[in-house]
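Encoded as structure tokens, the structure appears first; notes follow it.
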Number of protein chains: 2
Amino acid sequence: MRRQEAEALILSAAEKVFAEAGFGGATMQLIADVASLPKANLHYYFPTKENLYRQVVQNIFQIWLQAADIFDQADGPAEGIGAYIDAKMEISRRHPEGSKVWAAEVMHGAPVIQDYLETTLTDWTNGRIAVIERWIAEGRMDPVDPRHLLYMLWATTQHYADFGHQIETLNGASPLTDAQWDAAKANVKRIILNGIGANDLS
Amino acid sequence: MRRQEAEALILSAAEKVFAEAGFGGATMQLIADVASLPKANLHYYFPTKENLYRQVVQNIFQIWLQAADIFDQADGPAEGIGAYIDAKMEISRRHPEGSKVWAAEVMHGAPVIQDYLETTLTDWTNGRIAVIERWIAEGRMDPVDPRHLLYMLWATTQHYADFGHQIETLNGASPLTDAQWDAAKANVKRIILNGIGANDLS
DNA sequence: GGCCATCCTGACCGTATGGTCAAGTTCAGA
DNA sequence: TCTGAACTTGACCATACGGTCAGGATGGCC
């Protein structure tokens, strides 16, 4: 197997196991089983458990950041924030494991990616705040606190991944259907866009 | 030491350690150190680590449910949902560890409290949905999907506890001040209540 | 075929962890 | 003061875990 394939296979298995069991609860043996590889083989590609974990988290952060591009390409709050919500909801749907690993990492004080929070995430956040403040100054949305608006966007969209099990249970133990996902997206967009006075009409 | 005091002391230490390290990452030795008790003493009151964890999670669920009472005592959406947001934000502020333990438990598939999700939480949710549907029928708020509205309330309020570390980092590595907490509450209430057409005016 | 770098893996090791236990200590009540 | 139930704890044990390693397999290239 080529190095690239092997690493991708291991990273995928690791993401799943870390999401389900947490860093402490995950074992290299279990990750190896999920990847159908001997445990020693994992240590050939990733020297330590922590190193493997670090790469999983970094991969997630990249996906996370990509969704941000949409924000900038829009020329107004209804379009920009609406598209951002769509993108993040789609990530919650397609990469729930990654979202969970990220959530657990942050919940435990971000021991591994604290530097990302302080640099990349801080810069990204400040950039978006500037955009939102411009929209507010232009009278295209209500004067809400941009920072708390961003927190609300993150919280609401990631909730569908991080608390997916709870939502599924409350949905009669069935995963959300396509229609239900659409309804979720529509409701989130409707309430938030309406809540900040950024309807398509404005 | 009386049984009650000892158990409360251990539960408090356990909540802290489980929140910071997760179930797998927490060790009985560390919990014992935080509680300033010998490890063997923990096993006198709580036979196993899993048993101790279970009780921690159950305690959190109780606090969680208490905040729900406010919902019912209100006679309209602006008052009811507003008070519920206040109550849950206050819980995020006062019991962030508990919120984190709960989040981790659900994220990992609720291995310990699945039965609570299926019984108590399902009943509670259905009850609140009925209330919201009545408000909608009475024209006191927009016809949003009550289920997704509840998810949004949970997500937004609990985010301030679960992702408190991220928020603190983005706040210049400082905990939110009293004024900032008030601003957070006000923003959440404003956007959501406005978003569902439940202003005080209506 | 011969060579070499890369890849693979069963067997092994030191350590840390959850849990046990037997020998104490404390203290309320008779 | 005596008794016994509740509580405390240092020492100990079996297990499971992360990580190592030496020897072997593979495959591209001359």
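Convention: sequence-line order gives letters A, B, ...; per-chain numbering from 1. The shown structure was predicted, so the numbers you read here are calculated from the model rather than taken from an experiment.
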Rounded off to whole Å, could you give me the [atom1]-to-[atom2] distance for the [X] and [N] pair?
| X | N | atom1 | atom2 | answer |
| --- | --- | --- | --- | --- |
| B:Asn41 | D:dC7 | CG | P | 10 Å |
| B:Asp33 | C:dT17 | CG | P | 11 Å |
| A:Phe46 | C:dC7 | CZ | P | 12 Å |
| A:Leu37 | C:dC7 | CG | C1' | 11 Å |
| A:Ile10 | C:dC8 | CD1 | P | 8 Å |
| A:Glu5 | C:dT6 | CD | P | 17 Å |

Just wondering, more than 12 heavy atoms not from [X] lying within 6.0 Å of its [atom1]?
| X | atom1 | answer |
| --- | --- | --- |
| A:Lys16 | NZ | no |
| B:Glu138 | CD | yes |
| B:Glu50 | CD | no |

Going by heavy atoms in the side chains, are A:Ile70 and A:Asp86 under 4.5 Å from each other?
no

Using OP1 and OP2 only, check whether a side-chain N or O of A:Tyr44 sits under 4.0 Å from C:dC8.
no

Taking only side-chain nitrogens and oxygens of A:Arg3, does any of them come within less than 4.0 Å of OP1 or OP2 of C:dT6?
no

A:Tyr151 versus B:Gln166, side-chain donor and acceptor atoms under 3.5 Å
no

Taking atom types as modelled, is there a side-chain donor on B:Gln114 or A:His165 under 3.5 Å from an acceptor on the other?
yes

Heteroatom pairs (N/O) under 3.5 angstrom, protein to nucleotides 16-19 of chain D:
residue	atom	partner	partner atom	Å
D:dG18	OP1	A:Ala26	O	3.3
D:dG18	OP1	A:Lys49	NZ	3.1
D:dG18	OP2	A:Met28	N	2.9
D:dG18	N7	A:Lys39	NZ	3.1
D:dG19	OP2	A:Lys49	N	2.6
D:dG19	N7	A:Lys39	NZ	2.9
D:dG19	O6	A:Lys39	NZ	2.7

